[in-house]
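When reading the values below, keep in mind they use all heavy atoms of this one structure, side chains included, and skip hydrogens, waters and symmetry mates. Order of listing sets the numbers, starting from 1, for every ligand and every atom in it. Keep in mind that what you see is a predicted model, and the values were worked out from it rather than measured.
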Amino acid sequence: MRRQVPVHLQDLQLRFYRTNGPVLPSQPLLLPGMSAAGVLRSRRVLQQLLPGLLASMSRRYSLDVAAPLLRTQGYVDGSWISAASVFPVLDPATGQELARVSDCGPAEAKQAVEAAHRAFQTWKGTAAKERSVLLRRWFDLMMLHQEDLAKIITFECGKPLQEARGEVAYSASFLDWFSEEARRIYGDIVPSSFKDRKLLLLKQPVGVASIITPWNFPSAMISRKVGAALAAGCTVVVKPAEDTPLSALALAELAEQAGIPPGVVNVVPCSRDRAPSVGQVLCSDPMVAKVSFTGSTATGKVLLKMAADSVKRVSMELGGNAPFIVFDSADVDLAVGGAMVSKFRNSGQTCVCSNRFLVQSRVYDRFLDKLGRAMDSQLHLGHGSEPGTTQGPLINSRAAEKVVHQISDAVSHGARVLRGGARLNGSFMEPTLLADVTTDMLCTQEETFGPLVPVLRLFLLAGRQSDLAGGRGPGGGHGGGQRGSHVGPRGPVWWSQTVGFGSRGF
Ligand code: NAP
């Protein structure tokens with residue numbers, strides 16, 4: 001049986017009320033630093049960008065997926081549970097409601113922690129092979145339902161369907177990987193400093209892991225943590241983001257179908273209002289042994305404080321402020337290709353998206369010119385389920401407001417808008433290119449999480465090496481590591497330094 005949730009883009013501007021109240025239809029902004037020619041250019045770009053968006057508006061969209069995958073209750077101890085209230089899940093492209101999901105609170109979170117703690121007593125004793133087989137079955141089911149899972153991601157998170165399919169494959173790959181790793185949790189024999197002693201290291205599961213995840217990879221951020229936990233013999237309670245609980249609940253449905261025992265995987269969806277009280281249980285309950293979080297640095301700090309009292313093990317994957325550096329010696333076409341890839345995936349909403357572009361003087365104008373043209377020809381806004389769409393909406397109006405704020409701050413400090421600059425209807429943002437950006441502007445200091453390319457002129461020999469340093473805020477991603485990319489004579493070089501753990505793991 002399949003279930004269809006119809007969604008209409010004509011109501012695009014109507015309902016972005018959840019976080020900020022109603023939003024009126026946006027007009028293209030005339031920003032302080034924008035000339036009349038700039039406005040005309042922006043209009044031309046809009047016409048190129050908008051056909052997809054305008055065509056989308058007259059179409060009807062429906063989330064058509066196998067009914068069992070569209071779960072709307074919490075999943076605790078192998079049962080689907082309702083809470084006293086519900087919260088709406090919206091399609092960010094249309095503002096229309098996709099579903100109403102149980103708004104779990106501290107009581108349900110506690111219930112989930114207790115269930116996970118009970119299940120841990122037997123799960124930790126299962127044979128490695130058994131855990132491996134169950135994870136592999138879960139992987140197989142994910143791939144079997146790849147298309148439906150991708151549609152759920154597109155409708156609740158806005159990313160183009162092609163990217164969503166990629167996320168499902170990426171997400172499932174963690175289950176595949178950890179199904180194999182489950183069989184290889186070897187110990188060690190360590191030489192002792194004493195003749196009469198032998199040191200044997202045994203790896204033991206720590207217990208219940210609380211998993212708190214963001215909306216921008218609503219499937220992959222869950223499986224990469226849960227896969228590792230289950231392989232090790234831990235049990236989990238997952239709190240997905242308010243914007244994207246449906247992907248998490250679909251994963252729970254498939255975990256059940258795969259035969260993962262009750263209580264081993266629990267999911268407690270909740271609204272943003274309830275996140276702090278649910279987070280309090282998940283980060284401080286004595287039955288929780290480990291907290292694994294991916295999200296913003298600000299939230300990470302809050303969770304760390306909550307986890308500190310009971311000295312829990314904690315893994316934090318936080319926000320980024322990745323630089324993209326182009327030297328005079330670079331191949332500018334390669335640099336532009338790299339910039340397009342590293343900036344515009346998921347409309348600029350990934351933690352590894354380049355956030356500030358530092359371009360050396362001699363290639364500065366050429367880079368801007370070519371990048372602007374690439375943006376004109378390659379970026380197409382629309383509903384994520386339209387085949388031609390490369391840029392979906394931002395996740396909600398709060399996210400769009402942040403980008404608009406950064407643009408107007410930059411323009412008020414002297415930046416020039418070369419492309420875009422406007423907020424469109426709902427939470428759609430024009431891909432925006434800013435020139436003459438300096439390090440005192442907000443867009444270079446904080447993570448944007450949107451389709452904004454702020455380009456700084458890099459003077460390496462004129463005592464301005466500080467341009468290479470971070471903004472005022474710490475980069476912070478991957479537990480304090482740095483990420484980024486630069487383009488030299490041999491093309492783009494991606495670099496990443498992580499602290500404490502690899503990119504796979506939890
Ligand atoms: P966020 O606002 O920090 O939210 C992340 C998760 O934390 C959501 O589930 C959120 O719930 C929850 N949360 C917020 N406050 C909480 C509290 N007091 N107690 C318990 N849970 C709480 O981040 P986001 O906006 O969803 O995601 C974007 C950020 O994630 C960016 O900074 C990005 O760089 C980062 N990110 C990093 C990586 C990485 O690998 N390093 C990967 C992806 C994303 P609600 O949704 O209900 O608020």
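- At least one heavy atom of Thr213 sits less than 4.0 Å from an atom of ligand 1.
- Close approach of ligand 1 to Gly279 (heavy-atom distance below 4.0 Å) involves ligand atoms 19 (N), 20 (C).
- In the model, Ser171 has a side-chain atom that pairs as donor or acceptor with a side-chain atom of Ser223 under 3.5 Å.
- Here the side chain of Glu156 pairs a donor or acceptor atom with the backbone of Ser247 at under 3.5 angstrom.
- Where the criterion is an N or O separation shorter than 3.5 Å, residue side chain and backbone included, Ala275 meets it with respect to ligand 1.
- Although no hydrogens or angles enter the test, the distance criterion places a donor-acceptor pair under 3.5 Å between the side chain of Lys159 and the main chain of Asn216.
- Counting the atoms of ligand 1 from 1 in the order shown, those under 4.0 Å from a heavy atom of Arg224 are 40 (O).
- Ligand-side atoms of ligand 1 in range of Gly320: 34 (O), range being under 4.0 angstrom from any heavy atom.
- Residues that satisfy the salt bridge (Lys or Arg N to Asp or Glu O under 4.0 Å) test with Arg274, not counting sequence neighbours, are absent from this structure.
- A salt bridge links Arg184 with Glu181: the distance from a Lys NZ or Arg NE/NH1/NH2 to an Asp or Glu carboxylate oxygen falls below 4.0 Å.
- Heavy atoms of Cys283 stay at 4.0 angstrom or farther from ligand 1.
- Taking all atoms of both residues into account, the shortest heavy-atom contact from Gln349 to Pro393 is NE2-O, 3.6 Å.
- Between the side chain of Thr432 and the backbone N or O of Gly421, at least one donor-acceptor pair lies under 3.5 Å.
- Remark: distances from the non-hydrogen atoms of Phe217 to ligand 1 are all 4.0 Å or more.
- Side chains of Ser271 and Glu242: a donor-acceptor N/O pair is absent below 3.5 angstrom, by distance only.
- In terms of polar-atom proximity, Leu318 is counted as a contact of ligand 1, with an N or O under 3.5 Å from an N or O of the ligand.
- The side chain of Glu447, and not its backbone, has at least one atom closer than 4.0 Å to an atom of ligand 1 (non-hydrogen atoms only; side chain from C-beta on).
- Here is the list of ligand 1 atoms found below 4.0 Å of a heavy atom in Glu317: 37 (C), 39 (C), 40 (O), 41 (N).
- When only interatomic distances are considered, the shortest N/O to N/O separation between Ser271 and ligand 1 does not fall below 3.5 Å.
- For atom 7 (O) of ligand 1, the nearest non-hydrogen atom from the set Trp215, Phe87, Phe293 comes from Phe293.
- Within ligand 1, counting atoms from 1 as listed, the ones closer than 4.0 Å to a heavy atom of Asn216 are 43 (C), 44 (C).
- In terms of polar-atom proximity, defined here as any N/O pair under 3.5 Å, Ser296 does make such a contact with ligand 1.
- Every atom of ligand 1 with a heavy atom of Pro240 under 4.0 Å away is listed here by number and element: 9 (O).
- Each of the following atoms of ligand 1 lies closer than 4.0 Å to a heavy atom of Thr294: 5 (C), 36 (N), 37 (C), 38 (C), 39 (C), 42 (C), 43 (C), 44 (C).
- Using the six-membered ring where Trp is involved, Phe174 and Tyr170 have ring planes that are perpendicular, over 60° apart on the 30 and 60° scheme.
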All N/O donor-acceptor pairs, side-chain side in residues 260-267, below 3.5 Å, sequence neighbours left out:
from, atom 1, to, atom 2, distance (Å)
Asn266, OD1, Asp77, N, 2.9
Asn266, ND2, Val236, O, 3.0
Asn266, ND2, Gly263, O, 2.8

